[in-house]
Student: 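Handing you this structure, nothing more for now.
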Amino acid sequence: MTLDYLRLTGREDSRVLLVEAYAKAQGLFRAPDAPDPVYSEILELDLSSVEPSLAGPKRPQDRVSLKQAKSGFQTALGSMQPAAKKPAAPPMSMRGGAAMTSEGGIAVAEAPAAAQQLEHGSVVIAAITSCTNTSNPSVMIGAGLLAKKAVERGLSRQPWVKTSLAPGSKVVTEYLNKAGLTPYLEELGFNLVGYGCTTCIGNSGPLPDKVAAEVESRDLVVASVLSGNRNFEGRIQQQVRANYLASPPLVVAYALAGRMTIDLTTEPIGIGRDGHAVYLRDLWPTEREIQKTMLSAVSSEMFRQQYADVFHGDERWRSLNVPSGDRFVWDPDSTYIRNPPFFEGLTLQTTPLRDIAGGRVLALLGDSITTDHISPAGSIKKDSPAGRYLIEHGVEPHDFNSYGARRGNHEVMMRGTFANIRLRNQLAPGTEGGWTRYQPDGDVMTIYDAAMKYKKAAVPLLVIAGQEYGSGSSRDWAAKGTLLLGVKAVIAESFERIHRSNLVNMGVLPLQFQAGASATSLRLTGRERYDVTGIAEALKPGGVLAVRAWGDNPKPIEFRAVARIDTPDELVAFRHGGILPYVLRQLVGKQ
């Protein structure tokens, strides 16, 4: 099957032969007449126990079976509602042109305005995205076949659902067209919006005005369902608090249902044109249907043709004016790409390490702070520090684009660091988003504005957090932005391994509370002044440093923290101020 897949996707014959030969030489090639392999451990799986699942509503590792998705959302609802907000009173909600009675029956009723039908759990975004489909024609064809059956039954997407189709390859468009499935997907609103990252990285765009206003005025916890691989808080769309990862066919199904408060395994997804209830089981294509369509619509020639000139580009790409020369020509007026400051003031000799004296806490955070809480992602709000910067540089709000599009501009990205709308900084209780309390004045302001005020006063900064700091996708700007804000160290109960390494390689010191200790157990408020000693004279991999927190009492809170510089190579890079100065000095030294 592996070799068949390689041939189907247009790999050269020589590559297929190489994979086969390598697998056989390594003892990894399984043939029907081969003896049973000997394993050190055997896991048994009952295939009948495998069931459709989603992940959500906040993290990709939070699996929820399809039959438990409804109850799972209802359980998580309380934790997702805005602080100090009362639950919204749900109006009568329409299901496929009919209202669901309290007994679960079907009654035909006249639908009110679409936005007024919204309630907690309404699905407002349903997106088939590029992350997980390009290499899997079966799920894309499965989505198309489900759409075909739904249209033939007379179903349509709910009017408040914003739908999109953004495959990662033009091959997907080609085989959907050949299979005759594109018109059915388009009938349900899954029109092609482009190829590549869209909804997963926050490029879904705004919700329709009336939908957005209803969500805002009633503090609704609405949902997105997408076939991507990341759904961290604040990443998908700023007004959408619940985000679920699902297969492309399930994305189509939830666009039809329009809500998470439905058990798709037992409740009807809608009412067909014949007046009868339609269930998901009536629409779900069989494996035989999917396989038959794949065999007729997908060919290796599609992949060869589309990828033969993948780097050639279209006429617009080829007509771009490309400057010549060995060095990039920086445009001082560009709001997209600016010369980053990572090498400013760099000398050939390293600067001796210094202890942290009189440091202040920029953010006091809890557990499971992901890189999506730290790194800028999604749309840029006009009243945010990044939005104000762009407006000052002549960019209108409708031209802001996204943080992802402007990641080449450090001025935008550092203003968006720790600006996630779901971030809760315990230094500024009662707030949600990128807010902090400037010390010692106690003024509440944005994290960026406070960081710049601290920088002007030459005050080193710290971030204090709980467990799993930096979990999620490994985002470089989570470490870059932290550095540019002036953070010298992050003290956490534990770190995600890649983000820990990224911090070291940007010159930010990761410190870990010793076992059993935490900000809570030590009664740290974040309003203290912090000294960290042992950096200048005794820093080593896994070394223990002394921390003193000077608060209101004359006697400081003293504790020890482990330097999470884990290897000698990391220590060398850290002494250089990070991997960028280290590599540059090495290059200069070889000339």
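Worth knowing before you read on, the calculation uses all heavy atoms, side chains too, and leaves out hydrogens, waters and symmetry mates. Quick note: residue numbers are just sequence positions, from 1.
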Student: If we only count heavy atoms from C-beta on, is the Val298 to Thr293 side-chain gap below 4.5 Å?
Tutor: no
Student: For Pro206, does its backbone N or O pair with a side-chain atom of Lys162 as donor and acceptor, under 3.5 Å?
Tutor: yes
Student: To the nearest 0.5 Å, what is the distance between CG (Asp62) and CG (Leu54)?
Tutor: 12.0 Å
Student: Between Phe232 and His373, is any pair of side-chain heavy atoms under 4.5 Å apart?
Tutor: no
Student: Can you check whether Val123 reaches Val222 side chain to side chain, under 4.5 Å on heavy atoms?
Tutor: no
Student: Looking at every non-hydrogen atom in both residues, tell me the closest pair between Leu207 and Gln237 and how far apart they are.
Tutor: N-NE2, 3.7 Å
Student: Given Thr9 and Arg11, is the side chain to side chain donor-acceptor pair (under 3.5 Å) satisfied, shown in steps?
Tutor: CA-CA 6 Å; Thr9 51; Arg11 268 63 169 188; 2.6 Å; yes
Student: Answer with yes or no whether the side chains of Ser300 and Arg7 bring together a donor and an acceptor at under 3.5 Å.
Tutor: no
Student: Mark yes or no: Arg281 above the aromatic ring of Tyr279, with NZ or CZ under 6.0 Å from the six-membered ring centre and no more than 45 degrees from the axis.
Tutor: yes
Student: Give a yes or no on whether the backbone of Ala517 and the side-chain of Ser521 come within a donor-acceptor separation of less than 3.5 Å.
Tutor: no
Student: Under the criterion side chain to side chain contact (heavy atoms under 4.5 Å, CB included), I'd like the reasoning laid out for Ser368 against Gln467: C-alpha separation, chi angles, the key distance, then a yes or no.
Tutor: CA-CA 6 Å; Ser368 299; Gln467 299 178 18; over 6 Å; no
Student: Any side-chain heavy atom of Thr163 within less than 4.5 Å of one from Leu185?
Tutor: no
Student: Would you say the side chain of Leu390 lies within less than 4.5 Å of the side chain of Arg406, judging by non-hydrogen atoms?
Tutor: yes
Student: Tell me if the CD atom of Glu187 is crowded by more than 12 foreign heavy atoms within 6.0 Å.
Tutor: no
Student: Indicate the atoms forming the closest heavy-atom contact of Ile236 with Arg230, along with that distance.
Tutor: CD1-O, 3.6 Å
Student: Kindly check if the number of other-residue, nucleotide or ligand heavy atoms within 6.0 Å of CG (Asp209) is above 12?
Tutor: no
Student: Around Gln61, counting heavy atoms of other residues, nucleotides and ligands shown, do more than 12 lie under 6.0 Å from its CD?
Tutor: yes
Student: Tell me whether Arg218 is salt-bridged to Glu214, with the criterion being a basic N under 4.0 Å from an acidic carboxylate O.
Tutor: yes
Student: Which heavy atom of Leu264 sits nearest a heavy atom of Ala253, and at what distance?
Tutor: CD1-CB, 4.2 Å
Student: I need the Arg422 CZ to Ile369 CD1 distance, nearest 0.5 Å.
Tutor: 13.5 Å
Student: Okay, side chain of Asn177, backbone of Thr173: is any donor-acceptor separation there less than 3.5 Å?
Tutor: yes
Student: Without swapping roles, check the side chain of Gln158 against the backbone of Leu256 for a donor-acceptor pair under 3.5 Å.
Tutor: yes
Student: Of the non-hydrogen atoms in Trp477 and Pro376, which two are nearest, and what is the gap between them?
Tutor: CB-CD, 4.2 Å
Student: Mind checking the CD1-CG spacing from Ile464 to Leu524? Nearest 0.5 Å is all I need.
Tutor: 5.5 Å
Student: Is there a side-chain contact between Val225 and Met260 in this structure, where contact means two heavy atoms from C-beta onward sitting under 4.5 Å apart?
Tutor: yes
Student: Just by distance, do the side chain of Ser494 and the backbone of Glu468 share a donor-acceptor pair under 3.5 Å?
Tutor: yes
Student: Does Arg30 CZ have over 12 foreign heavy atoms under 6.0 Å away?
Tutor: yes
Student: About how many Å separate CZ of Phe495 and CD of Gln512, when rounded to the nearest 0.5 Å?
Tutor: 6.5 Å
Student: Is there a donor-acceptor pair closer than 3.5 Å between any side-chain N or O of Asn420 and the backbone N or O of Asp372?
Tutor: yes
Student: To check you understand the geometry: which heavy-atom pair defines the closest contact between Ala277 and Pro268, and what is its length?
Tutor: CB-CB, 3.7 Å
Student: Set out, in order, the CA-CA distance, both residues' side-chain angles and the distance that settles side chain to side chain donor-acceptor pair (under 3.5 Å) for Gln306 and Glu174, then state yes or no.
Tutor: CA-CA 9 Å; Gln306 290 292 347; Glu174 193 169 346; 3.1 Å; yes
Student: Would you please test Leu146 and Leu250 for side chain to side chain contact (heavy atoms under 4.5 Å, CB included) and show each step?
Tutor: CA-CA 9 Å; Leu146 192 149; Leu250 279 180; over 6 Å; no
Student: Side-chain contact test, heavy atoms from C-beta onward, threshold under 4.5 Å: evaluate it for Arg235 versus Asn243 and give yes or no.
Tutor: no
Student: Are any non-hydrogen side-chain atoms of His120 and Asp219 less than 4.5 angstrom apart?
Tutor: no
Student: Rounded to the nearest 0.5 Å, what separation is found between the CG atom of Leu226 and the OG1 atom of Thr198?
Tutor: 8.5 Å
Student: Keeping the roles fixed (side chain from Trp160, backbone from Ser122), state whether a donor-acceptor pair exists under 3.5 Å.
Tutor: no
Student: Does NZ belonging to Lys381 count more than 12 external heavy atoms closer than 6.0 Å?
Tutor: no
Student: Tell me if the CH2 atom of Trp435 is crowded by more than 12 foreign heavy atoms within 6.0 Å.
Tutor: no
Student: Can you tell me if Ser65 and Gln68 form a side-chain donor-acceptor pair at under 3.5 Å?
Tutor: yes
Student: Is it true that His499 and Tyr469 have ring centroids separated by less than 6.0 Å?
Tutor: yes
Student: Considering only NZ, NE, NH1 and NH2 on the basic side and carboxylate oxygens on the acidic side, decide whether Arg259 and Glu267 come within less than 4.0 Å.
Tutor: yes
Student: Are there over 12 heavy-atom neighbours, none belonging to Glu216, within less than 6.0 Å of that residue's CD?
Tutor: no
Student: First locate atom CG of Leu362, then atom CG of Leu427, and finally report the distance between them rounded to the nearest 0.5 Å.
Tutor: 8.0 Å
Student: Backbone N or O of Ile498 within a donor-acceptor pair of the Glu496 side chain at under 3.5 Å?
Tutor: yes
Student: Does the pair Ile374 and Thr417 meet the rule for a side chain to side chain contact (heavy atoms under 4.5 Å, CB included), with working shown?
Tutor: CA-CA 5 Å; Ile374 307 167; Thr417 301; 4.2 Å; yes
Student: So, does Ser169 use its side chain to make a donor-acceptor pair with the main chain of Pro167 at under 3.5 Å?
Tutor: no
Student: Is Asp274 paired with Arg153 through a side-chain N to carboxylate O contact shorter than 4.0 Å?
Tutor: no
Student: Closest approach of Ala127 and Thr199, non-hydrogen atoms and distance?
Tutor: CB-OG1, 3.3 Å
Student: Could you tell me whether a side-chain N or O of Ser227 sits under 3.5 Å from a main-chain N or O of Thr129, the two making a donor and an acceptor?
Tutor: yes
Student: Should the pair Glu233-Arg424 be classified as a salt bridge under the 4.0 Å nitrogen-to-oxygen rule?
Tutor: no
Student: List the steps, then state whether side chain to side chain contact (heavy atoms under 4.5 Å, CB included) holds for Met294 with Ser138.
Tutor: CA-CA 7 Å; Met294 280 183 57; Ser138 64; 3.6 Å; yes
